[in-house]
Each structure stands twice: as structure tokens, then as C-alpha cells.
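Working notes, structure below.
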Amino acid sequence: MGFNEGFDIFSIMSMLFPVFFILILGIILFTIFKGIKQWSDNNKQPRLNVDAVVVSKRTQVSGGGNDSHSSTWYYVTFQVESGDRMELAVNGSEYGLLAEGDFGELVFQGTRYHGFTRRQQAN
């Protein structure tokens with residue numbers, strides 16, 4: 001059995017590299033187009049003002065291991081008068097100002113949060 005016969009790692013890598021490159025490029029392009037479509041769909045929706053209650057809050061953290069940068073996303077779930085619930089992404093300062101049980105006017109457009117004005121509930 002000679003040295004030139006059998007397993008050749010370089011020929012395998014020359015075939016796999018283009019496949020992985022195309023796969024990663026496809027994932028990136030899919031993510032970009034999905035974001036553009038969501039942005040466009042939100043722009044087509046009317047801007048609505050509805051009475052709502054804050055029913056829950058959550059955060060999602062990624063990264064942050066071994067002295068690396070971490071990212072935090074903030075989400076608030078609102079329940080409107082019809083009983084429907086929607087979870088919207090908010091920025092950190094809005095997240096800190098909202099508490100579960102707050103009642104007020106929610107302003108949103110599609111999946112885009114525009115604001116929440118707290119009001120006193122009438123008993």
C-alpha cells in the first residue's frame with residue numbers, strides 16, 4: 001500500500017469548504033431578507049392605540065462567557081381588552097419602567113412597539 005493511495009484530507013477539504021461557505025452565506029442572506037420582510041410588513045400595518053395590561057416580562061441574554069461581550073433583549077407581553085396577548089420587544093429603559101399588572105394605552109404597529117402610557121384603573 002503506497003503513500004499516495006487511500007485517505008486524502010486535502011481533497012476532502014477542497015470539496016467541503018465551498019459547501020460550508022455557500023451554506024453560511026445562505027443563512028446570512030435568509031436572515032437579512034427575513035428582517036427586511038418583517039420591517040416592510042410592519043410599515044404596512046396601521047399604528048394602533050389600545051387599552052392593555054402588562055401580563056409578563058422576560059429577558060433573553062446571549063454571550064458573556066470568558067470576559068466576552070453579552071447582549072440582552074427585552075420582551076413584554078401585553079393583554080388587550082379582547083383577551084388576546086402579544087409579546088413585543090422593548091428597549092431596556094422601557095422594560096425597567098414597566099411592571100406586571102400595569103394598565104394603560106399601548107401603541108404598536110405590527111410587531112413594532114411604539115410606547116405604553118400608564119393609567120390608573122377605574123375600580
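For the residue pair Ala52 and Leu106, the shortest heavy atom distance occurs at CB-CB, 3.9 Å. Between Pro18 and Met13, the closest heavy-atom pair is CD-O, 4.4 Å.
The distance from the CG atom of Leu88 to the OG1 atom of Thr111 is 7.5 Å, given to the nearest 0.5 Å. With values rounded to the nearest 0.5 angstrom, Ile32 atom CD1 is found 12.5 Å from Ile27 atom CD1. To the nearest 0.5 Å, atom CZ of residue Arg85 and atom OG1 of residue Thr77 are 7.5 Å apart. With rounding to the nearest 0.5 Å, the separation of CZ in Arg119 from CG in Asp51 is 4.5 Å. Note that CD of Gln109 and CG of Asp41 are 11.0 Å apart. Values are rounded to the nearest 0.5 Å. Within the model, atoms CG of Leu29 and CD1 of Ile22 stand 11.5 Å from one another, a figure rounded to the nearest 0.5 Å.
Between Phe78 and Tyr113, the ring-plane angle classifies as parallel under the 30° and 60° cut-offs.
Hydrophobic clustering of Ile, Leu, Val, Met, Phe, Trp and Tyr side chains at less than 4.5 Å, counting indirect connections, unites Val50 with Met86. Connection of Leu48 to Phe116 is established within a shared hydrophobic cluster, with ILVMFWY side chains joined at heavy-atom distances below 4.5 Å, either directly or through further cluster members. If you chain together hydrophobic residues whose side chains sit under 4.5 Å apart, Phe33 and Leu25 fall into the same group. Under the 4.5 Å side-chain contact rule for hydrophobic residues, Phe20 and Ile12 share a cluster. Taking hydrophobic clusters as Ile, Leu, Val, Met, Phe, Trp and Tyr residues chained together by side-chain heavy-atom distances below 4.5 Å, Val80 does not share a cluster with Val53.
For Phe108, there are no ring pair (Phe, Tyr, Trp, His ring centres under 6.0 Å) partners, not counting sequence neighbours. For Glu87, the salt bridge (charged side-chain N to carboxylate O under 4.0 Å, His left out) partners are Arg58, not counting sequence neighbours.
Side-chain atoms of Glu105 never come within 3.5 Å of backbone atoms of Thr117 as a donor-acceptor pair (strictly under, hydrogens ignored). Between the side chain of Arg118 and the main chain of Leu97, a donor-acceptor pair closer than 3.5 Å is present.
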Enumerate donor-acceptor pairs with a distance under 3.5 Å from any side-chain N or O in residues 62-76 to protein atoms, sequence neighbours excluded.
from	atom 1	to	atom 2	distance (Å)
Ser68	OG	Gly64	N	3.4
Ser68	OG	Gly65	N	3.3
Ser68	OG	Gly65	O	2.7

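Looking at Lys37, Arg47, Arg112 one by one, the single match for side-chain contact (heavy atoms from CB on, under 4.5 Å) with Asn42 turns out to be Arg112.
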side-chain contact (heavy atoms from CB on, under 4.5 Å) between Val90 and Lys57, worked out = CA-CA 10 Å; Val90 300; Lys57 296 168 47 173; over 6 Å; no
